[in-house]
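Okay, so here's the structure we're looking at.
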Amino acid sequence: MTETTNTTKPTGAGGPAGATQLVVDVSQLTVELGDPDRGHGVRIGPVDLRIGRGECVCVVGTSGAGKSTIGQALLGMLGPGGRVTGGSVRVAGTSLFEADDKTLRSLRGSTVTMIFQDPTSALNPVRRLDKIFADVLKAHGTTGKDEIVARTREALTAAELDPDAAMRRYAHELSGGMRQRVMVALALVNRPAVIVADEPTTALDPTTQKEVIELFGVLKRTNTLVVITHDLRVARRLADRIVVMSLGRIVETGTVEEIMTAPRHPVTQGLVANQKLTKVVKRRDRS
Ligand SMILES: Nc1ncnc2c1ncn2[C@@H]1O[C@H](COP(=O)(O)OP(=O)(O)OP(=O)(O)O)[C@@H](O)[C@H]1O
Ligand code: NI
């Protein structure tokens with residue numbers, strides 16, 4: 001099925017509303033994972049996605065729809081067995097799949113950063129946090145001691161952590177929610193043009209999930225965000241625009257209101273109906 005766009009957008013299908021500066025420009029991207037011709041692989045795309053500065057786009061869809069693949073493509077990488085077969089991904093003006101390794105390495109973690117699903121495995125447990133932040137800053141050219149401390153403080157504060165206390169801690173001492181905050185701070189520290197978060201709440205307990213969603217609500221005020229989630233509640237809370245994926249393609253885009261009140265594509269309708277059902281069940285559990 002072709003894409004159903006709920007609103008007329010001046011920049012064309014998959015674009016932000018209004019004359020905003022483009023930060024992400026995915027154009028006719030096609031990807032192969034594995035070997036689809038031999039029956040053990042999938043084709044993703046063609047995908048068009050344009051994101052303006054300051055926008056928060058939430059990518060939703062059922063499992064295996066290709067959400068994480070698009071998220072990875074925004075960092076110019078793909079999972080094992082993945083390759084780009086057509087189209088382009090431009091982030092802050094650089095065409096990622098045409099860029100050389102050195103350009104990509106310097107771009108990742110500075111221009112575009114990723115907040116991963118599982119904060120436990122991504123943080124070295126036995127290195128002090130101030131050292132971890134210094135490593136990330138130095139890797140992208142910030143070398144002055146004072147500047148490193150100032151940038152670390154700025155990022156920790158933005159992630160709503162107490163910088164003095166946090167800098168002296170080790171990752172293994174932190175609760176799940178605090179670790180996720182540290183991951184957010186690490187993603188912010190090089191002042192990226194766009195932050196991609198793949199299922200940032202999935203590995204967390206319900207209370208911490210709420211906290212992290214609140215935190216993303218704060219982040220979205222000053223950052224360009226792409227949040228990948230199978231949880232429509234997360235998208236409802238955060239998105240300026242929801243992008244729905246199914247079977248490797250974007251099947252619908254719209255504002256939260258458009259998607260929630262008038263979903264057009266059967267997959268979107270299914271997601272919305274499911275979310276409403278979850279709400280009813282939860283209410284019943286409480287009474
Ligand atoms: N190397 C590979 N070979 C074959 N199939 C692959 C390979 N890598 C990924 N896939 C398949 O490609 C599809 C898209 O994966 P992707 O992780 O992008 O989906 P997703 O929407 O993020 O799903 P989830 O919600 O489960 O995280 C999945 O069905 C996955 O099993
Ligand atoms: Ni995924």
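Note that this is a predicted model, so its numbers are computed, not measured. Counting starts at 1 for both ligands and their atoms, in listed order.
For ligand 1 and Ala65, the ligand atoms under 4.0 Å from any heavy atom of the residue are 19 (O), 20 (P), 21 (O). Near Val42, with a cut-off below 4.0 Å to any heavy atom, the atoms of ligand 1 are 11 (C), 12 (O), 13 (C).
The N/O atoms of Pro80, backbone and side chain alike, include one that comes under 3.5 Å of an N/O atom in ligand 1. Polar contact check, Ser63 against ligand 1: a nitrogen or oxygen pair lies under 3.5 Å apart. When only interatomic distances are considered, the shortest N/O to N/O separation between Thr69 and ligand 1 falls below 3.5 Å. Residue Gly81 has no N or O atom closer than 3.5 Å to an N or O atom of ligand 1.
For residue Ser68, an N/O/S atom approaches the Ni ion (ligand 2) to within less than 2.8 Å.
The shell of residues lying under 4.0 angstrom from ligand 1, judged by heavy atoms, includes His40. Judged by the shortest distance from any of its heavy atoms, Gly61 lies outside the 4.0 Å radius around the atoms of ligand 1. Under the 4.0 angstrom criterion for non-hydrogen atoms, Gly66 is in contact with ligand 1.
A donor-acceptor contact closer than 3.5 angstrom links the side chains of Thr30 and Thr85.
When non-hydrogen atoms are compared, ligand 1 lies under 4.0 Å from neither the backbone nor the side chain of His230.
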Test log, rule side chain to side chain contact (heavy atoms under 4.5 Å, CB included), inputs Leu74 and Val89: CA-CA 7 Å; Leu74 295 181; Val89 176; 4.1 Å; yes

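Environment of CG in Asp146: sparse, with no more than 12 heavy atoms of neighbouring residues, nucleotides or ligands closer than 6.0 Å.
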